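Treat the numbers as computed from the prediction; the structure is a model and nothing was measured.
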Amino acid sequence: MSVRVRFAPSPTGSLHLGSARTALYNWLAARAAGPEGTFILRIEDTDRERSTPEHVDAALRIFRWLGLDWDEGPGVGGAHGPYFQGERASRYAAHARELLEAGHAYECYCTAEELATRREGHAASDRAWTYDGRCRDLSDAEREERRAAGTPASIRFRVPTGRSVTFQDLINGESSFESDLLGDFIIVRSSGDAVYNFACAVDDALMEVTHVIRGVDHLSNTPRQVLLLEAMGRPVPTYAHVPMILGPDGRKLSKRHGAASVEELDRAGYLPVGICNAVALLGWNRDDDTTVMSMEEMVEAFDPARVNKAAAAIDYRKLDWINGQHLRALEPAAFEAAWQAWADRWLDPQDPRNAGAASVDAATVRILVQEKVARFGEVPGLLAFLASDAAIAPEAWEKLDAVEPLPRVLAAASEVVTACADQDRWSPEAIEEGIRALVGSLEVKPRELFNPIRLAITGQRVSPGLFESAWALGAGTVRDRLEHVRTESMDRRGAASGSTDR
RNA sequence: GCCCCGUUCGUCUAGUGGUCCAGGACACCGGCCUUUCACGCCGGCAGCACGGGUUCGAAUCCCGUACGGGGUACCA
């Protein structure tokens with residue numbers, strides 16, 4: 001079955017997580033239909049202020065980055081273009097004219113001010129205010145008179161009275177609304193611009209959209225659009241109104257909650273597939289025990305009819321976990337490429353906090369952190385010790401001071417390092433072999449050996465594995481740090497015992 | 001106000017009248033592994049919003065209440 005879906009963002013510069021999920025669901029629905037599926041990207045750039053070319057570019061870039069490629073739309077064209085609403089004005093005008101001629105719409109001469117006054121005068125008691133129909137049944141002579149007076153007219157849709165408008169919604173089931181509650185609504189402003197509901201109906205009709213997957217905030221627009229489609233003699237698509245995404249506190253998701261947009265998650269170092277996976281699970285699941293899925297697996301399993309009705313609160317900790325799973329599953333080359341791409345965009349090498357991470361290549365980063373982090377944003381902190389001027393953290397000193405055999409452990413480690421380097425065996429494995437042998441020869445407990453060495457060379461309470469860290473640092477630096485801590489610790493011990501004498 | 005929608009562990013969810021004294025995942029707690037952290041493994045805590053029905057039987061069906069949300073524009 002042919003599936004034509006569309007996502008219609010207004011390019012405001014950032015993609016909200018809720019929108020990202022809606023876009024993803026559309027994309028999944030299209031891809032699930034195989035060659036019969038078409039994902040259309042339509043840009044709602046009617047807001048001249050915000051719809052700058054830069055914002056449009058940014059929007060397209062974020063879709064590409066997420067992996068949501070489109071079959072029709074900006075840059076790829078298609079048989080139903082143009083795909084910018086700003087370029088479709090003539091189509092809206094033509095359809096408005098047809099509706100006017102067929103009697104499905106009429107000119108309205110009420111001004112915005114008049115309408116506001118009448119609305120205020122309406123008793124707020126029972127029914128919601130709807131257009132009072134003042135211009136609905138004007139005679140030709142009366143219309144002529146108004147026109148002569150020069151009042152710019154808007155165009156209203158003549159909503160049929162006394163019927164219920166019913167449509168199919170995959171998520172909410174069959175939905176229906178009373179047409180009498182709608183009121184004749186405006187489809188073309190007195191300025192001549194099409195109003196959203198009308199533009200949307202025309203576009204969906206002309207683009208032959210079969211399934212409209214969008215946020216629930218559009219649910220109450222649907223009866224209007226259905227009525228318009230019917231009046232235009234066009235088929236009514238199947239709808240799927242997806243629920244909202246809430247912040248961790250259960251309130252509407254906003255910047256206040258941290259990352260509310262895809263850009264922010266990118267900056268924080270999440271993978272596209274991690275974001276898609278996590279966001280897809282907010283309201284949908286494959287079965288009762290699948291959490292981590294690739295894009296392909298999601299395509300295979302996605303079913304809009306299985307999307308929940310209830311809004312879901314995002315849990316960033318679960319996002320972290322899911323992303324970590326994807327990160328760990330990456331092949332070496334893929335991990336390195338993803339890291340490099342992220343670092344190129346977000347890692348400012350001038351920032352001293354990034355000095356460690358910026359000093360090594362992608363392969364080294366991979367060896368050091370792939371098993372440890374949930375997202376790339378954690379890497380600079382974890383690799384800070386690689387900076388040439390990295391210092392020992394106070395907490396690290398506290399632990400070092402507590403290690404009784406510290407001097408001989410460090411001295412022995414230093415010898416191992418020298419030996420490895422001299423024999424041209426500078427690898428994590430060789431270092432590990434040499435250090436482990438010390439447990440026996442020094443007759444110390446493993447934790448009395450490994451931990452102090454790790455603390456001495458990284459200076460961090462939390463760090464990558466000891467052997468990999470040493471390897472990445474290089475023999476010279478490791479020896480220097482070992483020696484530095486050894487002498488320093490003796491001074492500290494001397495000072496400490498001196499003070500107890502007093 | 002009016003229209004519409006929602007409500008299962010802290011969070012995401014499975015569940016469509018008996019197989020549910022409600023299953024999984026994240027988080028949390030405990031243990032194991034262990035060079036820190038993380039990973040991994042094992043175990044634990046914790047939930048059907050409330051009140052009425054219907055039924056031999058209800059998380060599942062109906063009604064109501066509470067709470068939350070969306071809409072109610074010459075916004076999108």
[atom1]-based separation of [M] from [N] [nearest Å]:
| N | M | atom1 | result |
| --- | --- | --- | --- |
| U65(B) | C29(B) | P | 42 Å |
| C28(B) | G70(B) | C1' | 33 Å |
| G10(B) | A22(B) | P | 15 Å |
| C62(B) | C4(B) | P | 16 Å |
| G68(B) | U16(B) | P | 31 Å |
| G47(B) | G24(B) | C1' | 14 Å |
| C26(B) | C9(B) | C1' | 12 Å |
| G15(B) | A73(B) | C1' | 42 Å |

Can you tell me the base-pairing partner of [N]? Count Watson-Crick or G-U wobble geometry only, both distances below 3.5 Å, and say none if there is no partner.
| N | value |
| --- | --- |
| C2(B) | G71(B) |
| A58(B) | none |
| A25(B) | U11(B) |
| U65(B) | A49(B) |
| C32(B) | G40(B) |

Result of checking Arg143(A), Arg156(A), Arg147(A), Arg146(A) against Glu107(A) for side-chain hydrogen bond (donor to acceptor under 3.5 Å, both in side chains):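 Only one option passes, and that is Arg147(A).
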
Distance check: side-chain N/O of [X] vs OP1/OP2 of [N], anything under 4.0 Å?
| X | N | value |
| --- | --- | --- |
| Arg436(A) | U35(B) | yes |
| Arg306(A) | U13(B) | no |
| Asn285(A) | A14(B) | yes |
| Gln325(A) | G40(B) | yes |
| Arg119(A) | A73(B) | yes |
| Arg454(A) | U34(B) | no |
| Lys309(A) | G6(B) | yes |

Gap between atoms [atom1] and [atom2], on [X] and [N] respectively (whole Å):
| X | N | atom1 | atom2 | value |
| --- | --- | --- | --- | --- |
| Arg461(A) | U36(B) | CZ | C1' | 8 Å |
| Asp320(A) | U11(B) | CG | P | 19 Å |
| Leu400(A) | U36(B) | CG | P | 14 Å |
| Phe185(A) | A76(B) | CZ | P | 13 Å |
| Leu246(A) | U7(B) | CG | P | 13 Å |
| Ile187(A) | A73(B) | CD1 | P | 17 Å |
| Asn197(A) | C74(B) | CG | C1' | 12 Å |
| Ile322(A) | C39(B) | CD1 | P | 14 Å |

Name the nucleic acid region contacted by [X], choosing base, sugar-phosphate or nothing; use a 4.0 angstrom heavy-atom cut-off, strictly under.
| X | result |
| --- | --- |
| Pro464(A) | base |
| Ala313(A) | sugar-phosphate |
| Thr111(A) | base |
| Cys108(A) | nothing |
| Asn308(A) | sugar-phosphate |
| Gly465(A) | base |
| Leu115(A) | base |
| Leu282(A) | sugar-phosphate |
| Leu466(A) | base |
| Phe467(A) | base |
| Lys399(A) | nothing |

Donor + acceptor pair across side chains of Asn172(A), Tyr239(A) (<3.5 Å): no

Side chains of Arg481(A) and Ser414(A), donor plus acceptor under 3.5 Å: no

From the options [options], select the nucleotide whose nearest atom is closest to the side chain of [X].
| X | options | result |
| --- | --- | --- |
| Tyr196(A) | G69(B), A76(B), G24(B) | A76(B) |
| Arg317(A) | G70(B), G10(B), C74(B) | G10(B) |
| Leu181(A) | U7(B), C3(B), C26(B) | C3(B) |
| Ala310(A) | C74(B), U7(B), U35(B) | U7(B) |

Centroid-centroid distance, Tyr25(A) to Phe302(A), less than 6.0 Å: yes

Tyr316(A)/Tyr270(A) aromatic ring centres below 6.0 Å: no

Which residue lies more 5' along RNA chain B, comparing Pro248(A) with Gln85(A) via nearest heavy atoms: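 Of the two residues, Pro248(A) wins.
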
RNA chain B: 5'-proximal contact among Phe177(A) and Glu371(A) (nearest heavy atom):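 Nearer the 5' end of the strand: Phe177(A).
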
Contact summary for Asn277(A) and Met293(A), nearest pair of heavy atoms: OD1-N, 2.8 Å

More than 12 heavy atoms from other groups under 6.0 Å of CZ on Arg328(A): yes

Whether over 12 other heavy atoms sit under 6.0 Å from Arg118(A) CZ: yes

Is_stacked (His218(A), A76(B)) at 5.5 Å, 30 deg: yes

Gap between atom CG of Leu473(A) and atom CD1 of Ile431(A) - 0.5 Å precision: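 Separation between the atoms: 9.5 Å.
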
Side-chain donor/acceptor of Ser190(A) to base of C74(B), under 3.5 Å: yes

